[in-house]
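All remarks here apply to the structure that follows.
Keep in mind the model is a prediction, meaning the values are calculated, not measured. We name chains A, B, ... by the order of the sequence lines, and we start the count at 1 in each one.
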There are 2 protein chains.
Amino acid sequence: MLELDVKSRVPIYEQLVEKIKELIIMEVLKEHEQLPSVRSLASELTINPNTIQKAYRELENQGYIYSIPGKGNFVAPINKNKKLEKVNKLKEELKRLILEAIYLGITKEELMELYDSVNKEIKEGRR
Amino acid sequence: MLELDVKSRVPIYEQLVEKIKELIIMEVLKEHEQLPSVRSLASELTINPNTIQKAYRELENQGYIYSIPGKGNFVAPINKNKKLEKVNKLKEELKRLILEAIYLGITKEELMELYDSVNKEIKEGRR
DNA sequence: ATAACTGTAATAGTAATGTTAATACAGATA
DNA sequence: TATCTGTATTAACATTACTATTACAGTTAT
């Protein structure tokens with residue numbers, strides 16, 4: 001569920017943050033659902049507990065989870081603004097790529113084809 | 001022309017490589033055109049000559065430029081396969097983002113709107 | 001030929017950052 | 001009481017990018 005790339009330039013804790021954000025926004029993780037404990041997740045992923053804690057701390061700062069000392073970390077109940085935030089961020093990224101694409105001569109039609117091919121892959125369950 | 005972000009996670013030499021690649025593919029830099037010397041570019045950007053050299057070396061390895069010791073570094077005369085490579089890479093990136101976008105509920109129409117807005121900006125000379 | 005450019009090379013040092021390791025303490029719970 | 005949980009702290013390690021410095025050789029113009 002949480003696949004990490006230890007050789008990546010982006011640090012492990014940040015990969016974790018992004019992956020877990022994703023799960024929360026996609027509502028794979030539900031409100032108030034408990035996350036794996038710092039230690040258990042660390043041993044499962046065979047990385048240091050400090051790294052997990054750093055990720056959880058960051059998620060808490062960003063309002064995605066809340067923690068109860070002694071009990072655990074839980075999914076925060078907000079999700080609406082967060083989703084909008086995410087959508088806007090994604091759109092900005094898309095615009096950046098589209099700009100470059102246009103300069104490289106990629107047409108609107110080609111972009112639509114890309115959309116369709118991805119959409120098809122999803123429907124066929126290949127993702 | 002070459003704007004660097006020293007605070008970025010991606011290293012300076014790699015930013016340089018990408019920017020210069022871009023200029024070559026867009027044919028802003030023409031075949032056999034001489035690039036700034038290692039030392040002059042270094043002093044212009046106020047970074048170390050070694051960093052420039054590392055970028056040039058990388059560009060040479062990737063076939064974008066060639067160097068003549070004692071003379072300088074020059075734009076290589078290939079550009080066709082390189083452009084295709086770049087386009088394909090960009091399309092892969094786009095697919096990745098589109099996949100995420102679909103999961104977040106972004107429609108094909110919204111994507112088209114993004115394309116149009118970027119296109120409009122270009123035409124209006126805002127880019 | 002000399003000076004002033006070019007690229008290339010090697011080495012050492014510095015700085016930042018992520019990660020690990022080891023402990024410790026306190027709240028929660030069975 | 002034992003065993004979970006989160007939290008905190010400190011030190012050490014590893015990697016990497018970048019800088020600094022010096023040196024050598026080819027090119028070119030004066």
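Remark: B/Leu114 CG to A/Leu99 CG distance equals 12.0 Å, nearest 0.5 Å.
Applying the salt bridge (charged side-chain N to carboxylate O under 4.0 Å, His left out) test to every pair with at least one member in residues 10-24 of chain A, sequence neighbours left out, gives these pairs: A/Glu14-B/Arg9, A/Glu18-A/Lys21, A/Glu22-A/Lys86.
Counting heavy-atom neighbours within 6.0 Å of B/Asp5 CG, excluding the residue itself, gives a total above 12.
Computed from coordinates, the A/Ile12 CD1 to D/dT15 C1' distance equals 13 Å when rounded to whole Å.
Side-chain atoms of B/Asn73 and B/Leu59, non-hydrogen and from C-beta on, never get closer than 4.5 Å to each other. A 4.5 Å side-chain heavy-atom check between B/Tyr64 and B/Val17 finds every atom pair outside the cut-off.
Within the 4.0 Å cut-off from OP1 or OP2 of D/dC18, not a single side-chain nitrogen or oxygen of B/Tyr13 is found.
Listed by chain and number, the residues in a side chain to side chain donor-acceptor pair (under 3.5 Å) with B/Ser37 are B/Ser40 (sequence neighbours excluded). Every residue two or more places apart in sequence or in another chain was checked for a side chain to side chain contact (heavy atoms under 4.5 Å, CB included) with B/Glu113, and none qualifies. With sequence neighbours left out, A/Glu44 forms a side chain to side chain contact (heavy atoms under 4.5 Å, CB included) with A/Leu41. Taking A/Asn119 as the reference, nothing meets the side chain to side chain donor-acceptor pair (under 3.5 Å) condition, with sequence neighbours excluded. Scored by the side chain to side chain contact (heavy atoms under 4.5 Å, CB included) test, A/Pro69 finds A/Ser67 as partners (sequence neighbours excluded). Here A/Lys91 pairs with B/Glu110 under the side chain to side chain donor-acceptor pair (under 3.5 Å) rule; sequence neighbours left out. Take A/Lys108 and apply the side chain to side chain donor-acceptor pair (under 3.5 Å) test, not counting sequence neighbours, and it matches B/Asp116.
Mapping heavy-atom proximity under 4.0 Å, the span of DNA chain C touched by chain B runs 5' to 3' from C/dT6 to C/dA10.
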In B/S/- notation (B base, S sugar-phosphate only, - none; protein heavy atoms under 4.0 Å), nucleotides 25-30 of chain D written 5' to 3' is -BSS--
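Axis angle across the helix from C/dA1-D/dT30 to C/dA30-D/dT1, with five pairs used at each end and values rounded to 10°: 10°.
Listed for the A/Glu33 side chain is a donor-acceptor partner under 3.5 Å among the backbone atoms of A/Lys30.
Interface residues of residues 42-65 of chain A facing DNA chain D, ordered by number: A/Asn50, A/Gln53, A/Arg57; criterion, heavy-atom separation under 4.0 Å.
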